[in-house]
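What you are looking at is a predicted structure, and each value in this text was computed from that prediction instead of being measured. Within every chain, numbering begins at 1; the chains are lettered A, B, ... in the order of the sequence lines, protein sequences first and strands thereafter.
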Amino acid sequence: MAAVCAARIAWSGLLSKQPVGVRCARNSGQGCNQSTLQMIFRRFMRYSQTLIPTVKEVPADAEIISHQLMIRAGLMRKLASGTYIYLPAGQRMLAKVIQIVREEMNRTGAQEIIMPVVQPLELWQQTGREVDYGETLGKFIDRHGRGNVLSPTAEEGFTFLAANEIKSYKQLPMNLYQINTKYRDEFRPRFGVLRSREFIMKDAYSFHANEECLHKTYMNMYCAYCRVFERCGLEYVIVLAESGEMGGSGSHQFTVPCANGEDIIVYTADDKQAWNIEKAPVDPLPKQPPAQVGPVEDFYTPRAGKIEDACAYMKVKPHQLIKTLVYKCGEGAILAMVRGDHEVNPEKLTRLMDGVHIEMADEAMIVELTKAAVGFAGPVGLCDKAARVFIDHGVAGLAVGATGANRTDYHIMNVVPGRDFPLEGANIQVADIRNAVEGDTYEGKKLLFKRGIEVGQVFKLGDKYTRKLESRYVDADGREKYPLMGCYGIGINRIIASAVEIGHDENGMILPITIAPWEVIVTPAGQEADVIAAAENIYSELLAEGVEVLLDDRDARGGVKFKDADLLGIPIRITVGKKTLAEGKAECKLRSESDRTTLPISSAAGEVARRVKALKAKLNEPKR
RNA sequence: CGGGGUGUAGCUCAGUUUGGCUAGAGCGCCUGGUUUGGGACCAGGAGGCCGAAGGUUCGAAUCCUUUCACCCCGACCA
């Protein structure tokens, strides 16, 4: 009883000795301007006054480690599937990442604006992306019957602005960006914040009079992105990516390698080249020597619409099967043939179609085209019925194969490419249309695979959007032209999730100091008045040094505070305890290391402030 | 959108197969006490429309129908 009371009295007594600035703030600011007040409140951080709801149990619906820890550490809570509430600690992390991104963008001369999240549907109809984006595009109709889009990206909005404001080559180049909420009506949100419906993205759009200028800005952004990810303390890999329906000629993706990544990175064994799997090229497989093959033979394969079922009937291996997929492009049918053990890469098809939107044909269209149920399509007799036919090198290289008979419940064997279906023709093309797989090579070099989280991507868009939205400027030669565009995105939330994915141990997050919610936590271990007083002192001194510090002033046991500090991943912990205090010392521990060092209590704050600055400098002064 | 799974206390989950006493445990929360350097202990307490709606039954968390939400696999994805 007595001890608790003493402790409470000690706390309340110290609370009344708050720094003068704070008292002044509460007394409606005598002599303090608004920004000073905000600064003081932002830095004045007591655990007991902050909503950091840590939990011991792993949340049932969190599958991957970053999701689990972000919930457990009290960074966020789920509001609905794919939407999260960011709590104070999470908000602080987002704010820090945003600030880094903003600084690096501004350094390149990009200008920050804010675009509405709700945008007119007509703009999206003009560029054709209402259709291309499909159901992922969030839409609603307002009370006036107008269609609205919840912006998943903002090419339309920025190009609209350019169309109205960029009239002369003298205004070019121009690079505009925003850091704003994006919405995508994902079929399946998952992995916590890695694939959420609502997220924060930095998106920039640049406008140029010529290709060289676009390239220059593109490379500037590329470098700025390197700096951003280095400052955030992330290990990252840059891969060549597909620009797909975004249109345009070039793209790089910035990915953080980790086991839970959704993207697959393909790289050569010598580590010289890397691609997203959508883009990774493969060498054609060696052509099989021609064999003596009898005529095509029907084979009864009831209900064997799947590769493995058909193989079982015909006693062949998947790599001997020719898989025929039907895509559509407007009204026309597109055939894509790959081996049974390979997968069609739609991005590669899109590129062969010059960026035209394609999608899987529906059942009705397949039945109409092949006169058979889905699963029994084959190239024999079908190639002249399709607008375009793409045959993978792997198929063309087969000496003999089996495939669908274009007749329900039948396959055919002894099919020889070039004999039983054409490999050449006006509408026919043998090409690389499949995903790379284990064992493939490129330019003779072995291809290797790893998973990664995409945290940023840069694109060259060309004039796709400026043409569609009639954005024209007058060039030096007096003629009207369409500016070339680049676009550049960074997933703010994903930076945090990937930092957690690669920075954690069994006790919780281990965060880079540049994005951790606080730089230092001061933990009084014990409720004795002198311990609390010493902790308060160090806390005040750190505040005065400009360090972002959290004081764990809770009336809790030491163990609880240590567990929470570890969970939160705060890079530096200063512990004030009875024993060390008696020796005039405080203890300093880095979250990333197990050793502790003791510091004289009188100089502890100054020394820790120096360490904070050194740690930050290490990340904030990138090599590039 | 196809396949699978789960909805019971703030959280993690028993109980449902085989309907039956007042619906449980651990953690968290509140009160009091003992503690206080790695998620303490004792005692007491609050907290539930058993996801929702209909049905079967003397009786439903439990059986049936419908529906909603969430999760996983797949498809999809600048």
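Among the heavy atoms of the strands, none lies under 4.0 Å from A/L137. Residue-level contact check: A/R573 touches the bases, meaning some heavy atom is under 4.0 Å from a base atom. Nucleic acid contact class of A/E262 (heavy atoms, under 4.0 Å, all strands): none. Looking at heavy-atom distances under 4.0 Å, A/D203 makes no contact with the nucleic acid at all. A/T580 comes within contact range of at least one nucleobase, with a heavy-atom separation under 4.0 Å.
Side-chain contact annotation: A/Y482 with A/K464, donor-acceptor N/O pair under 3.5 Å absent.
Between the side chain of A/E57 and the base of B/G28, no donor-acceptor pair of N or O atoms lies under 3.5 Å. The base of B/G38 sits with one of its N or O atoms less than 3.5 Å from a complementary donor or acceptor on the side chain of A/D566.
Closest approach to the A/R557 side chain among B/U35, B/G38, B/G37 is made by B/U35 (side chain taken as heavy atoms from C-beta onward).
Going from atom CZ of A/R554 over to atom C1' of B/G28 covers 13 Å, rounded to whole Å. Nucleotide B/G39 holds its P atom 19 Å from the CG atom of A/L69, rounded to whole Å. Atom-to-atom, CG of A/D185 to P of B/C1 comes out at 11 Å; the value is rounded to the nearest Å.
For A/F229 and A/F254, the ring centers sit closer than 6.0 Å to each other.
Here A/D463 does not pair with A/K468 in a salt bridge; the nearest charged N to carboxylate O distance is not below 4.0 Å.
Rounded to whole Å, the C1' atom of B/C50 lies 38 Å from the corresponding atom of B/C77.
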Per-nt protein contacts along nucleotides 67-75 of chain B (heavy atom under 4.0 Å; B base, S backbone sugar-phosphate only, - none) come out as ---SSBBBB
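Note: A/H252 and A/Y218 have tilted aromatic rings, judged against thresholds of 30 and 60 degrees for the angle between ring planes.
For the pair A/K182 and A/F199, the cation-pi test (distance below 6.0 Å, angle within 45°) is failed.
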